[in-house]
Number of protein chains: 2
Amino acid sequence: MNTLAEENYLKAIYKLSLTARNVSTNQIAAELATKASSVTDMVRKLADKALVNYARYQGVSLTKTGEKVALNIVRRHRLWEHFLVEKLHFKWHEVHEMAEEMEHISSTELINRLDAFMGYPTRDPHGDPIPDCDGNIKASALKPISIVKANTSGVISGVGDHTTSFLQYLEQQKLTIGKRVTIKEIIGYDNTVILEMDNKQLQISREVANNILIAI
Amino acid sequence: MNTLAEENYLKAIYKLSLTARNVSTNQIAAELATKASSVTDMVRKLADKALVNYARYQGVSLTKTGEKVALNIVRRHRLWEHFLVEKLHFKWHEVHEMAEEMEHISSTELINRLDAFMGYPTRDPHGDPIPDCDGNIKASALKPISIVKANTSGVISGVGDHTTSFLQYLEQQKLTIGKRVTIKEIIGYDNTVILEMDNKQLQISREVANNILIAI
DNA sequence: TTATTTTTTTAGACTTGCCTAAAATTATAA
DNA sequence: TTATAATTTTAGGCAAGTCTAAAAAAATAA
Ligand SMILES: [Mn+2]
Ligand SMILES: [Mn+2]
Ligand SMILES: [Mn+2]
Ligand SMILES: [Mn+2]
């Protein structure tokens with residue numbers, strides 16, 4: 001149906017569309033580590049296939065069809081990540097690169113059986129919601145720790161940064177999905193956040209607090 | 001390391017090498033449903049990478065390195081087939097196409113964990129041996145039913161034809177891996193074989209008998 | 001052994017996806 | 001509002017992998 005390159009572009013456009021209605025050529029190029037001119041070429045092809053809306057110099061958005069395709073790729077990516085962590089016991093920072101390859105395995109039946117095999121998980125190892133087989137996805141109302149008020153308590157439910165180094169740091173600090181934390185104080189000077197977790201206190205930087213998402 | 005196309009060529013050459021020392025351009029073209037001229041191009045590239053021995057008009061053979069790479073692809077293919085049947089409950093005739101894609105997932109650690117997850121299986125759903133992580137593979141001494149003498153008994157342990165239609169036919173007849181059969185008689189006229197299995201008699205054609213492999 | 005057929009390689013071309021450099025357009029600043 | 005800067009597109013090109021048609025080599029037949 002769609003080539004590997006096309007799938008990667010659609011997923012990138014989907015991701016960028018979460019924080020912008022119209023995605024720019026340069027944003028896509030940065031996301032995919034490619035050049036703006038390559039993006040222009042590909043976006044034209046995707047527009048010909050009616051997967052994106054595109055007018056030159058105006059940026060790109062997914063069509064309804066394009067969004068469905070993108071959600072399907074996201075579904076595959078996240079289900080494979082879940083499999084790698086839950087069944088093959090990889091750590092949450094180890095799975096993304098493998099899932100980048102596995103998300104392109106095309107069989108729908110395969111992915112639906114994988115879903116069933118794992119008991120229809122709703123979230124991937126990083127807390128991101130897994131779209132169902134019809135492309136429905138739960139928009140989770142999570143907040144970065146950095147913006148909640150002092151004395152608020154919540155459960156770590158997602159991360160805003162998926163890099164290996166960040167995930168490894170969180171794991172080392174035991175700041176993992178499902179942990180309950182209470183924001184005790186935000187220091188005015190540099191926005192350092194003082195947390196309480198497991199009856200112990202710990203401090204995290206503004207940068208880290210920005211990338212830990214909690215459900216209140 | 002190697003591209004998807006290169007991997008497919010190496011696997012094809014490996015397969016053809018099981019029944020010929022030097023594989024011809026046309027044989028590879030037929031196996032991969034491509035043209036002889038394309039094969040010549042690719043075989044040159046593989047020779048440059050020291051994965052095959054090649055001299056024009058002389059055919060192709062795998063180098064030691066090339067064989068190791070090929071065995072690794074075969075390992076991945078067969079482990080994924082085993083996963084699809086044993087964990088996701090696909091039928092043995094449904095898994096080959098999916099495994100054709102999955103065999104190209106590159107992580108060695110992934111495949112080793114998958115191997116462990118399934119308890120280090122030694123054979124794929126079609127009875128073919130699975131190479132271990134060092135590329136060691138057991139050459140199985142199986143015989144087609146068509147060449148054994150009357151009153152021989154053996155266990156179905158492999159198939160010589162992996163097409164969907166053949167596998168479906170075998171399943172319908174309950175002629176599956178692990179079943180014990182006794183060859184009662186081979187009719188001289190058209191080489192029809194009369195078998196006994198589960199205390200019942202059944203007849204199979206010479207063609208079918210040729211493609212059922214038994215261990216005696 | 002020479003002629004014919006088959007196999008394999010070469011030549012030239014096409015598509016996909018990518019690149020650099022230059023031109024066009026849009027955004028920002030003076 | 002005009003000049004400058006940033007973004008985006010166009011133009012031209014390259015590598016991988018494929019194809020068709022023609023040439024070369026090898027195998028087979030007369
Ligand atoms: Mn991921
Ligand atoms: Mn994820
Ligand atoms: Mn197979
Ligand atoms: Mn098999």
Side-chain angles (χ1 to χ4, degrees), chain A residues 1-17 19-62 66 69-70 73 100-101 103-104 106, chain B residues 1-17 19-62 66 69-70 73 100-101 103-104 106:
Chain A
M1 195 67 213
N2 303 304
T3 68
L4 189 141
E6 287 167 350
E7 288 197 342
N8 284 334
Y9 273 87
L10 288 171
K11 187 160 64 94
I13 295 165
Y14 172 80
K15 182 179 171 185
L16 295 168
S17 296
T19 50
R21 308 143 208 50
N22 256 37
V23 177
S24 79
T25 301
N26 264 359
Q27 282 179 293
I28 299 170
E31 177 71 22
L32 293 173
T34 184
K35 296 300 154 85
S37 55
S38 306
V39 174
T40 301
D41 286 351
M42 179 58 90
V43 144
R44 279 235 160 74
K45 207 198 308 184
L46 294 174
D48 287 348
K49 295 178 84 171
L51 296 167
V52 301
N53 305 115
Y54 169 69
R56 68 204 194 306
Y57 293 105
Q58 301 307 125
V60 184
S61 65
L62 292 172
V69 174
I73 302 161
E100 281 297 307
E101 293 182 52
E103 72 192 3
H104 302 290
S106 59
Chain B
M1 195 69 212
N2 302 304
T3 67
L4 188 142
E6 286 167 351
E7 289 197 341
N8 284 333
Y9 274 88
L10 289 170
K11 188 161 63 97
I13 295 166
Y14 171 81
K15 182 179 170 185
L16 295 167
S17 295
T19 50
R21 308 144 209 48
N22 257 37
V23 177
S24 77
T25 301
N26 263 359
Q27 283 179 293
I28 300 170
E31 177 70 23
L32 293 172
T34 184
K35 296 299 153 84
S37 56
S38 306
V39 173
T40 301
D41 286 351
M42 178 58 89
V43 144
R44 281 233 160 75
K45 206 197 309 183
L46 294 174
D48 288 348
K49 295 179 84 171
L51 296 168
V52 301
N53 305 116
Y54 169 71
R56 67 206 190 305
Y57 293 105
Q58 302 307 128
V60 184
S61 65
L62 292 172
V69 174
I73 302 161
E100 281 297 306
E101 293 182 52
E103 72 193 2
H104 302 290
S106 58

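Residue numbering restarts at 1 for every chain, and letters A, B, ... go by the order of the sequence lines.
- For B:N53, the side-chain hydrogen bond (donor to acceptor under 3.5 Å, both in side chains) criterion is met by B:S61, not counting sequence neighbours.
- The OH-C1' distance, from A:Y54 to D:dT7, rounds to 12 Å in whole Å.
- Judged by distance alone, the side chain of B:N8 and the main-chain N or O of B:L32 form no donor-acceptor pair under 3.5 Å.
- Remark: C1' of D:dA15 and CD of B:E6 are 12 Å apart, rounded to the nearest angstrom.
- Nucleotide D:dT18 holds its C1' atom 14 Å from the CG atom of B:L4, rounded to whole Å.
- In this structure, the CZ atom of B:R56 is 8 Å from the P atom of D:dA26, given to the nearest Å.
- Within residues 32-44 of chain B, the residues that have a heavy atom under 4.0 Å from DNA chain D are, in order of number, B:T34, B:K35, B:S37, B:S38, B:D41, B:M42.
- Note: B:L10 CG to B:I28 CD1 = 9.5 Å, rounded to the nearest 0.5 Å.
- Phosphate contact (OP1/OP2 of C:dA23, side-chain N/O of A:Y57, threshold under 4.0 Å): absent.
- For residues 28-40 of chain B, every residue pair satisfying the side chain to side chain donor-acceptor pair (under 3.5 Å) rule, not counting sequence neighbours, is listed here: B:K15-B:E31.
- Scanning for side chain to side chain contact (heavy atoms under 4.5 Å, CB included) contacts around A:D41 gives an empty result, with sequence neighbours left out.
- When the P atom of D:dA26 is taken as reference, atom CD of B:Q58 falls 7 Å away, rounded to whole Å.
- The side-chain hydrogen bond (donor to acceptor under 3.5 Å, both in side chains) test applied to A:E103 returns A:K11, A:H77, not counting sequence neighbours.
- Summarising the geometry, atom CZ belonging to A:R44 is positioned 8.0 Å from atom CZ belonging to A:R56; distances are rounded to the nearest 0.5 Å.
- For DNA chain C, no neighbouring residue in residues 20-31 of chain A is found when judged by any heavy atom under 4.0 Å.
- With rounding to the nearest 0.5 Å, the separation of CE in B:M42 from CD1 in B:I13 is 9.0 Å.
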